[in-house]
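Here's the structure, in structure tokens; my notes come after.
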Protein chains: 2
Amino acid sequence: MMHGKNLVDGQWSATGKSVFKTFNPGMNDANEWIFYEATPEEIGQAVMAASEAFETYKHSSGAQRSAFLEAIAEELEVLRQEIVHAYCLESGLPEGRANGELGRTINQLLLFANLVKEGSWVEASIDTALPERSPVPKPDIRKMKVPLGPVVVFGASNFPLAFSTAGGDTASALAAGCPVIVKSHPLHAGTGELVATAIKKAMEKEGIPSGVFANLNSKDHRVGETLVQHPGIKAVGFTGSFSGGSALQNLARERKEPIPVFAEMGSVNPMILLPTALKNKGEFWADQIAASINLGAGQFCTNPGILIATEGEALDNFCELLKNASVQQPAQCMLHPDIYKNFKNGFRRLLDKTSVSLAAEQESASQPNYGNLTLASVQAKDLLEDEELMEEVFGPFSILVRCKNNTERDEIIKRLKGQLTISILGEADELDTEKNLVAIAREKAGRLVINGVPTGVEVCTSMHHGGPWPATTDSRFTSVGTGAIHRWVRPVAFQNFPESILPDALKSNNPLGILRTVNGTPTKDPVHS
Amino acid sequence: MMHGKNLVDGQWSATGKSVFKTFNPGMNDANEWIFYEATPEEIGQAVMAASEAFETYKHSSGAQRSAFLEAIAEELEVLRQEIVHAYCLESGLPEGRANGELGRTINQLLLFANLVKEGSWVEASIDTALPERSPVPKPDIRKMKVPLGPVVVFGASNFPLAFSTAGGDTASALAAGCPVIVKSHPLHAGTGELVATAIKKAMEKEGIPSGVFANLNSKDHRVGETLVQHPGIKAVGFTGSFSGGSALQNLARERKEPIPVFAEMGSVNPMILLPTALKNKGEFWADQIAASINLGAGQFCTNPGILIATEGEALDNFCELLKNASVQQPAQCMLHPDIYKNFKNGFRRLLDKTSVSLAAEQESASQPNYGNLTLASVQAKDLLEDEELMEEVFGPFSILVRCKNNTERDEIIKRLKGQLTISILGEADELDTEKNLVAIAREKAGRLVINGVPTGVEVCTSMHHGGPWPATTDSRFTSVGTGAIHRWVRPVAFQNFPESILPDALKSNNPLGILRTVNGTPTKDPVHS
């Protein structure tokens with residue numbers, strides 16, 4: 001059933017000679033399917049089709065886009081069995097995770113479907129004219145957000161569904177009115193092809209222009225680089241490593257017309273452990289933290305890679321509890337032998353330092369590519385002298401930083417780079433005395449968690465999944481939740497426009513019934529001008 | 001009265017040896033005041049003070065910031081006479097303009113004062129917990145916008161008040177909770193000093209930490225470069241040339257922690273003239289356009305530098321009307337001999353091309369530095385072959401592009417770079433048949449104007465003063481209107497926070513009484529969690 005072709009302008013295409021296979025890390029062997037690397041011609045054709053499609057798709061109504069997103073969700077459900085099968089063969093992740101992630105992917109599509117069906121997300125604002133104003137009349141000015149144009153989405157290795165072909169980036173960009181070209185992730189090209197099949201069916205069913213979605217296979221960097229440099233592309237979405245994200249951003253900046261790259265580049269998600277919490281609930285938190293470090297074999301951007309605590313009896317006892325909880329966590333198959341190798345090399349490089357000691361190590365599994373939870377420990381003063389100790393090790397690894405006192409702890413937090421999340425575990429009384437700690441942490445992260453682990457990113461209006469550099473390329477935008485749509489739009493003001501050529505969202509009688517800001521006040525009422 | 005010192009951490013400072021004077025273009029002679037170039041030590045001290053002040057200022061309430069902005073407005077009014085006097089001596093602009101621009105500056109401060117007093121601008125959003133949700137409980141997540149940190153604002157040559165020391169960038173950043181360091185523009189350092197005096201008084205009156213505002217003099221580029229590269233600076237606001245803005249952006253990108261640069265870099269603000277409008281209202285539009293080109297001696301970022309029309313009898317007649325209207329416009333003093341020289345050289349370079357002809361030229365004034373309105377004319381096909389003809393000539397200059405037909409006209413618009421504005425003059429019937437023209441123009445500009453000139457940027461909620469590259473460095477943000485505050489903030493999500501450490505804007509009982517999004521619905525109601 002898997003044909004390995006690229007989806008270009010609504011057609012499956014395989015004009016190139018270069019092919020590649022995906023890999024089954026559980027079996028430690030290549031999968032049988034063959035995928036055709038997209039050619040420069042296919043890339044050019046996909047971008048041209050996207051640019052042409054944008055001319056009509058940008059004018060599509062919220063109802064039309066909503067129906068399209070719902071249709072994608074439906075078609076994914078139809079293909080659930082095939083998708084879950086390919087997902088497991090290509091990722092080594094268990095079926096439960098595959099089904100859960102597909103559910104999340106479908107929910108994200110429906111979330112954006114509802115958002116654009118309701119329609120107020122365009123942030124329409126109207127200031128009516130004051131023709132009699134002195135010294136100069138005030139003109140009628142109306143503003144709303146409009147789509148940027150064709151977007152390139154890079155599939156993420158660690159989320160074959162929720163942050164790949166029909167994931168959050170794609171769903172939000174399609175909702176915004178932008179055509180999407182997916183640079184499929186080479187680790188799960190088969191899963192991507194099946195999801196692209198679902199999107200193709202939804203496009204045909206809903207009469208969406210064929211250039212609105214494309215899926216391009218590639219194993220090397222050339223396809224992605226060509227896409228980001230193509231003048232027809234207006235924005236980029238990426239989830240992955242710092243080196244990958246910053247390389248794409250550099251390419252985008254060197255263009256004649258620079259474009260925004262929204263790259264989520266990972267984080268060590270520090271957890272700050274306050275003593276009373278460790279004393280009162282040590283066992284609970286040890287279990288929670290060990291499970292969070294080991295979740296998905298640690299292959300999450302919100303994996304807690306650094307634990308910060310002040311020395312004392314509470315910490316000593318907690319270390320024992322955490323060690324016990326850690327070794328009880330199951331070893332799990334990682335996404336690919338290279339990722340497994342990088343994980344092993346990454347934590348070994350740290351443990352080779354004289355300042356770092358091993359705090360806990362789960363027994364290695366006998367199966368290949370299985371990552372075993374590993375904990376290291378370091379004194380705060382050594383961490384302050386060696387920035388490498390703050391770097392992410394992708395996998396089930398975390399480093400405990402022992403601080404002599406709270407001053408040293410706060411110094412560590414001030415020295416952190418930008419993070420997706422910072423978590424603080426503390427009892428009510430001690431939290432009230434640590435308002436300054438919360439204030440310091442706020443400068444370093446996009447999400448602060450009290451008494452919780454960072455893994456588990458709720459998809460909702462109030463979520464912010466982003467953070468100061470280098471966690472992301474732009475701290476002002478989120479890649480999870482409804483806010484993600486604002487990455488793909490810009491405001492345009494329409495001055496003195498007659499009703500007949502105003503977009504519906506800005507027409508005086510408010511035909512869409514959306515919430516708008518009229519002369520500074522939010523209202524759904526029509527405008528009498 | 002003018003002392004020429006830098007305002008650093010609440011004190012006037014003049015530790016450097018390098019000094020400079022401003023210039024009176026009307027008298028064609030230097031002004032008598034002497035200004036002290038800020039030293040590296042003063043720069044470092046200003047940034048350190050700003051970083052320290054941020055720790056408290058970021059927690060200041062909307063009421064406090066509002067009182068501060070209102071106090072600045074009051075103190076500016078107190079110094080009106082001195083400010084207007086210095087403004088005229090340093091810019092060559094007439095007193096009426098100075099008074100008008102001061103009024104606009106005061107109104108901008110009050111606009112942001114009202115915005116933060118009301119408080120809903122932080123876009124607070126609350127999703128309440130669902131502890132019983134299966135398979136995983138939903139946590140309580142709340143989100144709001146928080147300030148980025150110390151901001152550097154570059155004064156603009158052409159707006160000594162409204163886009164300089166206490167202009168829109170400063171007002172919006174202070175409103176957002178960010179300390180501001182102004183790199184004063186060397187052409188109007190005296191005006192800047194007086195405005196800084198007003199801000200200093202307002203700070204003292206309102207008990208604002210002394211590091212919240214600084215004003216640094218500089219004639220060469222070093223002060224600005226040092227500021228943009230300083231790790232304590234978190235964002236930059238700039239209004240000026242493409243070369244200046246893009247140089248600052250490059251510096252900001254090369255930092256260890258890259259920061260956003262919001263540079264408004266000018267535009268040629270194309271006006272598209274449709275034939276029936278030219279036929280029916282030729283005289284009216286000729287007067288309007290000539291006055292818009294000549295407004296402020298053409299020294300506006302929204303100056304209409306390119307007029308696009310399809311050939312025919314209507315255009316031929318209109319050209320005569322525009323020529324007559326143009327030569328009747330008064331010559332005006334430009335900001336500086338260098339700006340006058342660049343204007344002259346700029347339009348002469350274009351007129352030297354064989355493809356370009358002179359369409360109208362106002363008589364040269366006998367006074368030095370007076371710019372005379374100059375109109376050129378070119379065939380569309382020649383413009384398509386020579387991108388230089390689309391470049392901005394800063395001053396009272398515009399080039400009329402004659403298109404063979406509407407296809408050629410649309411081709412010109414598609415080839416335009418990003419613009420702040422595009423205007424279309426057309427009668428009702430012809431606009432209804434030109435929906436595609438409006439759609440093409442929308443991709444190229446941040447503001448579309450129907451039947452109006454681009455000059456005159458209304459300060460209001462619905463204004464968008466920004467546009468696709470290279471008009472600005474970030475098309476998603478405006479530098480005019482209430483939306484300008486969003487350049488200086490980023491969202492932070494607060495997960496599972498106890499009430500006692502939540503920011504007021506996110507507390508369940510809504511103590512600020514602001515509009516919030518609660519479980520997806522806008523409301524001012526308290527949250528029952």
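A note on names: the letters A, B, ... follow the listed sequences, proteins ahead of strands, and every chain is numbered from 1. Excluded from the calculations below are hydrogen atoms, water molecules and symmetry mates; all remaining heavy atoms, backbone and side chain alike, are included.
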Min side-chain heavy-atom separation S500(B)-L431(A) under 4.5 Å: no
Engaged part of V489(A) at the chain B interface, taking heavy atoms whose separation is under 4.5 Å: backbone
Could you have a look at A445(A), G452(A), G520(A), G418(A) and say which one has the most heavy-atom pairs with chain B under 4.5 angstrom? A445(A)
Measure N250(A) against the heavy atoms of chain B and call it side chain, backbone, both or neither at under 4.5 Å. neither
Between T473(A), N496(A), N451(A), I424(A), the one whose heavy-atom pairs under 4.5 Å with chain B are most numerous: N496(A)
Is any NZ, NE, NH1 or NH2 atom of the basic residue among E443(A) and K58(B) found under 4.0 Å from an Asp or Glu carboxylate oxygen of the other? yes
Identify which part of L515(A) has an atom lying under 4.5 Å from any heavy atom of chain B, answering side chain, backbone, both or neither. side chain
Heavy-atom donor-acceptor pair, D127(B) side chain to S462(A) backbone, under 3.5 Å: yes
Under 4.5 Å to a heavy atom of chain B? For K256(A) that would be both
Check: R476(B) and F477(A) side chains under 4.5 Å, non-hydrogen atoms: yes
Exam field: side chain K143(A) to backbone T461(B), donor-acceptor pair closer than 3.5 Å: yes
Check each atom of P522(A) against the heavy atoms of chain B and say whether the ones under 4.5 Å are side chain, backbone, both or neither. side chain
Among S125(A), P147(A), P470(A), G100(A), residue most engaged with chain B (heavy-atom pairs, under 4.5 Å): S125(A)
Interface moiety of K435(A) toward chain B, non-hydrogen atoms closer than 4.5 Å: side chain
Measure distances from A428(A) to the heavy atoms of chain B and classify the residue's part below 4.5 Å as side chain, backbone, both or neither. neither
State whether E458(B) and R133(A) are salt-bridged, where the test is any N-O pair (Lys NZ or Arg NE/NH1/NH2 against Asp/Glu carboxylate O) under 4.0 Å. yes
